Amino acid sequence: MTEVILFTQETCRACTTQREKNEGIEDVCPDVDFRDVDIQTDLETAEEYGVRKTPTTLVYANGEQTAGFIGIVDRDDLEVAIENADQQSPGLAHRLTSIIRS
C-alpha cells in the first residue's frame, strides 16, 4: 500500500501552493492513501515523522519511506515518486528475492 502524507500548517503560504498543485491527484492515483497533517494541531504526528518544516511531503510504500520532499514539490515529481514507491520498497525487494530463491 502506498501512502502520501503532506505536512502543513494553516499560516503557511507555500502549503497552500502545495495543496493547489496536489488537487485532483487522488483521481490520478486512486489506490494511494493521501493524508494531510497540520503540524500545529497534530504536533505529535509531526514529531513521530521528524517533520520540522512545512510543506513536507513523505511517500511510503508498505510502511517504508521511499521519498521525501521539503518545500514545494512539483506535481510531476510527486507522481513519479508515487509510481516508484512500490519498486523502491524494501518489502517488495524482500518478497522478490524470496520468490527468486524458491
Side-chain angles (χ1 to χ4, degrees):
M1 173 180 181
T2 302
E3 178 181 30
V4 176
I5 308 170
L6 174 60
F7 291 88
T8 63
Q9 55 184 319
E10 190 174 321
T11 57
C12 170
R13 289 185 187 178
C15 297
T16 301
T17 299
Q18 187 63 59
R19 281 191 207 98
E20 290 170 0
K21 286 183 174 286
N22 290 358
E23 277 186 32
I25 198 167
E26 295 92 352
D27 299 330
V28 176
C29 307
D31 296 332
V32 177
D33 182 25
F34 291 90
R35 290 181 26 204
D36 277 350
V37 176
D38 185 323
I39 68 167
Q40 291 177 318
T41 59
D42 193 355
L43 185 58
E44 184 176 310
T45 300
E47 288 176 351
E48 176 184 335
Y49 285 89
V51 172
R52 295 183 178 186
K53 295 181 181 182
T54 58
T56 293
T57 305
L58 302 178
V59 181
Y60 283 81
N62 302 314
E64 299 291 329
Q65 184 177 339
T66 59
F69 305 93
I70 298 173
I72 297 171
V73 59
D74 187 63
R75 169 77 174 256
D76 292 338
D77 292 338
L78 180 56
E79 287 182 7
V80 168
I82 291 168
E83 289 172 14
N84 293 332
D86 283 332
Q87 296 170 1
Q88 296 175 6
S89 171
L92 177 62
H94 179 70
R95 287 193 304 271
L96 290 175
T97 301
S98 296
I99 292 169
I100 293 169
R101 290 183 179 166
S102 298

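The shown structure was predicted, so the numbers you read here are calculated from the model rather than taken from an experiment.
Taking every heavy atom of both residues into account, Arg35 and Val37 meet most closely at NH2-CG2, 3.9 Å. The two residues Ala14 and Pro55 have their closest heavy-atom pair at CB-CD, 3.6 Å. Here the shortest heavy-atom pairing between Ala67 and Ala81 reads CB-CB, 3.9 Å.
The hydrophobic clustering, which links ILVMFWY residues whose side-chain heavy atoms are closer than 4.5 Å, places Phe69 and Val4 together. Ile82 and Leu58 fall into different hydrophobic clusters, where Ile, Leu, Val, Met, Phe, Trp and Tyr are joined by side-chain heavy atoms under 4.5 Å apart, directly or via other members. By the criterion of side-chain heavy atoms lying less than 4.5 angstrom apart, applied directly or through intervening Ile, Leu, Val, Met, Phe, Trp or Tyr residues, Val73 is grouped together with Val59 in one hydrophobic cluster.
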Which donor-acceptor pairs under 3.5 Å do the side chains of residues 19-29 make with protein atoms, sequence neighbours left out?
from  : atom 1 : to    : atom 2 : distance (Å)
Arg19 : NH2    : Thr8  : OG1    : 3.0
Asn22 : OD1    : Gln18 : NE2    : 2.9

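With a 4.5 Å cut-off on side-chain heavy atoms, Gln40 and Thr11 count as touching. Using a 4.5 Å heavy-atom threshold, the side chains of Leu78 and Thr57 count as touching.
Under the rule for a side chain to side chain donor-acceptor pair (under 3.5 Å), the partners of Asp42 that lie at least two apart in sequence or sit in another chain are Thr45. By the ring pair (Phe, Tyr, Trp, His ring centres under 6.0 Å) test, Tyr60 pairs with Tyr49, sequence neighbours left out.
Atom CD of Glu44 has 12 or fewer heavy atoms from other residues, nucleotides or ligands within 6.0 Å.
We find the NZ-CD1 distance between Lys53 and Ile39 to be 11.5 Å, quoted to the nearest 0.5 Å. Here Cys15 contributes atom SG and Asp36 contributes atom CG; the two are 9.5 Å apart, rounded to the nearest 0.5 Å. One distance of note links CZ of Phe7 with OG1 of Thr54; it measures 11.0 Å at 0.5 Å rounding. Rounded to the nearest 0.5 angstrom, Asp38 CG and Cys12 SG are separated by 10.0 Å. Rounding to the nearest 0.5 Å gives a distance of 10.5 Å between CD of Gln9 and CG of Leu43.
Side-chain atoms of Asp33 never come within 3.5 Å of backbone atoms of Glu3 as a donor-acceptor pair (strictly under, hydrogens ignored).
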